[in-house]
2 protein chains.
Amino acid sequence: MNISKIATLAGVSNATVSRFLNNGYVSQENREKIQKIIDETGYIPSAHAQTLRTKKTNLIGVILPKISSEAVSRIIEGAGKELTEAGYHILLGNTDLNIQKEIEYLNIFKNNQVDGIIFVATILTPAHLEVMEKIKVPIIVVGQQVEGYSCVYHDDFGAAYTLTKEFIQKGCKRIGYIGVTEKDIAVGYERKRGFMQALQDSGMEVQQELIKIGDFSEESGYQAINELMQLDKRIDGVFCATDKIAVGALEWMKEKQPEQIERIKFAGIGDSVLAKAISPKLASMHYYYKTSGKEAAKMLLDAMQSETKMIKEVKLGYELKLRESFK
Amino acid sequence: MNISKIATLAGVSNATVSRFLNNGYVSQENREKIQKIIDETGYIPSAHAQTLRTKKTNLIGVILPKISSEAVSRIIEGAGKELTEAGYHILLGNTDLNIQKEIEYLNIFKNNQVDGIIFVATILTPAHLEVMEKIKVPIIVVGQQVEGYSCVYHDDFGAAYTLTKEFIQKGCKRIGYIGVTEKDIAVGYERKRGFMQALQDSGMEVQQELIKIGDFSEESGYQAINELMQLDKRIDGVFCATDKIAVGALEWMKEKQPEQIERIKFAGIGDSVLAKAISPKLASMHYYYKTSGKEAAKMLLDAMQSETKMIKEVKLGYELKLRESFK
DNA sequence: TTGTACGCGTTATCAC
DNA sequence: GTGATAACGCGTACAA
């Protein structure tokens, strides 16, 4: 079923049907005839033919590292709502933590396959930037601050700084740190920087041996805390760059040294559902993931409308959630 | 940049370029010339124009109730991997638990916008089936068994039956049940049926007043357990239709009657990350969500290839995970 | 092995 | 207000 058949059935030309569909001038009489045929046939215009003609796809490419992550799914949830309301659909680009795939998706989306891109980034390499340069549709980066692109991210430095100050204020003297690779500017570099800066500003020495770098898994938290506890039994605080890492660390404590768990303060970042569910309840920094998705979508919608390529950065705050692990 | 420009630059006709791109006969000499131009320009054919011409979109519509759900995101993860490898992309249809939106998305996907549909269903109404009837592309339903459609789902009856038997074997005499609406055939109806059947088969009476129906939230578990404990203080087991409900119930116990928590056995279904993280660790039935997504994708790929509309049902098993809450 | 010419379904232009 | 008709970018008979 296509527009010509509808036109024939309604006794008008396809141009009139097209005008009817796109709010052009059509007589009341013809409006009714056409509507009747459309209702009867259940006709829906071919989005692909429309795209070919108008250059507008109504599609937004969303590139993300891992769909089964609480943060990421929240971001999509927020972005999706906003985009759907504006008449756009989401084309998914799940890279499964594979950096090469990120570049592949950027390339796939490049040639007008989508009207805009939301890129939930982790590690940005020069290769990424090179491809991104060539893309004509607007790109909004989520989760990382990146020069030359509109982005929405959390204040990782500030969150880590504030959280570390909290450790210090509560009297912690020897605080361990478990983080991730600094190639991830937001989670790895900025959070660690906030941690170290807060120590320095409080006149405390940064002890490099108490800084452990793992990956994003619970296991890496489990292993890192083990190393930390062997290194220095007087540790009285453990700053984990993510909640997941903290959960792993707490798991180790509960298994191996349950008598110490009350003495040592633990905190993560992200305020996941896990943080609230485990025992002791994990202190964490609440991040507004859904809002960040929503904000990114709004920025993208703006960018797609305007002619000028104005760059806008949105830095979202955080909220301290002190819980049992931080008494 | 389009195929004609590439052809001109390479000094051949667009037909030759097209043949080159689609593995047709092209002389070695021309192959090289064309490849050179394509490399230089970074040309990528317009997927939309290809679709218009070939009627193949390479798109799979995935309709789901809520992206930020562990089960759902796992399903997508599994399906996505399989589909991507086969050269398809996912067009997201997040309905945000709105049944009307499910029907909207089915309609959007109807008219050849996608080559196939994966429908992660919750409640299927006659209105759903009516729209689904009219859709020409293959549909695979995930999470529910539905007459006339290929589907992949978990053995909810069996899981609930087995789990209930476990309660009984461990000596429970008065088992409460907290479930969800029976309109959801899988989670609501089948799990409850398994529960009741197991009681009956063991010669135990089903006590209707010990059966509570809430929604999918933790709060509903929190409230339902409160009602149950007021009704009958001798309750020694609580079967929760989902892990989330069980988490809410345990939360209430920890807050209000911590001294009773050891006496009463708790279990959920789904084996979420929460189940393993909370204390006491929640006994649950492991479900193979990622596998179900993978399986659905495979079935869809098959269905899209074959001419015949063979219906296939895949019922996945479960794995009992006894944990602290079930000692 | 190559090129010409047409059609996929839609929108936009223009003359009526 | 309306209806031919060209054009969007591509794939593919068909003729060469």
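Order of the sequence lines sets the chain letters (A, B, ...), proteins ahead of strands, with each chain counted from 1. Just so it is clear, the model here is predicted, and its values are computed rather than measured.
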Examine [N]: is either OP1 or OP2 under 4.0 Å from a nitrogen or oxygen in the side chain of [X]? Give yes or no.
X	N	value
B:N30	C:dT2	yes
B:Y25	D:dT12	no
A:S18	C:dA12	no
B:Q50	D:dG11	yes
A:S46	C:dT10	no

Whole angstrom is fine here: how far is it from [atom1] in [X] over to [atom2] in [N]?
X	N	atom1	atom2	answer
A:I3	C:dC8	CD1	C1'	14 Å
B:K56	D:dC10	NZ	C1'	16 Å
B:H48	D:dC8	NE2	P	17 Å
A:K5	C:dC8	NZ	P	9 Å
B:I44	D:dG9	CD1	P	15 Å
B:I6	D:dG9	CD1	C1'	12 Å
A:L21	C:dA12	CG	P	12 Å
B:N2	D:dA7	CG	C1'	12 Å

Point to revise | Geometric class of the A:H128/A:F119 ring pair [parallel <30°, tilted 30-60°, perpendicular >60°] | key: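 Parallel: the ring planes of A:F119 and A:H128 meet at under 30°.
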Review point. Parallel under 30°, tilted from 30 to 60°, perpendicular over 60°: which one fits the rings of A:H154 and A:Y288?
Key: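 Plane angle under 30°, so parallel.
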Exercise for review: May I ask you to decide whether B:E85 forms a salt bridge with B:K81, counting only side-chain N to carboxylate O separations under 4.0 Å?
Suggested key: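 Between B:K81 and B:E85 there is a salt bridge, with a charged N closer than 4.0 Å to a carboxylate O.
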Could you check which of [options] has an atom nearest any side-chain atom of [X]?
X	options	result
A:L52	C:dA12, D:dG1, D:dC8	D:dC8
B:A49	D:dG9, C:dA5, C:dG9	D:dG9
B:T16	D:dG11, C:dG3, D:dG3	C:dG3
A:V12	D:dG3, C:dT2, C:dT4	D:dG3
B:V26	C:dT2, C:dA5, D:dG3	C:dT2
A:K55	D:dC8, D:dG11, D:dG3	D:dC8
A:N14	C:dT4, C:dT11, C:dT1	C:dT11

Exercise for review: Return yes if the base of C:dA12 and the side-chain atoms of A:R53 contain a donor-acceptor N/O pair under 3.5 Å, otherwise no.
Suggested key: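 Absent.
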Point to revise | Distance-only donor-acceptor test (3.5 Å): side chain A:R19, base D:dG3 | key: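 Looking at the base of D:dG3, it does pair with a donor or acceptor on the side chain of A:R19 (distance under 3.5 Å).
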Review point. Between B:K66 and A:E77, which heavy-atom pair has the shortest distance, and what is it?
Key: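 Shortest heavy-atom contact: NZ-OE2, 2.8 Å.
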Review point. Applying salt bridge (charged side-chain N to carboxylate O under 4.0 Å, His left out), which residue pairs with at least one partner in residues 49-63 of chain A are found, sequence neighbours left out?
Key: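 Counting only pairs at least two positions apart or across chains, the salt bridge (charged side-chain N to carboxylate O under 4.0 Å, His left out) contacts touching residues 49-63 of chain A are A:K56-A:D115.
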Practice item. Describe the nucleic acid contact of B:F20 in one word from base, sugar-phosphate, nothing, applying a heavy-atom distance below 4.0 Å. Key: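 Here B:F20 touches no strand at all.
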Check your understanding: With no hydrogens and no angle check, do the side chains of B:E102 and B:N98 hold a donor and an acceptor under 3.5 Å apart?
Key ->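 No donor-acceptor contact under 3.5 Å links the two side chains.
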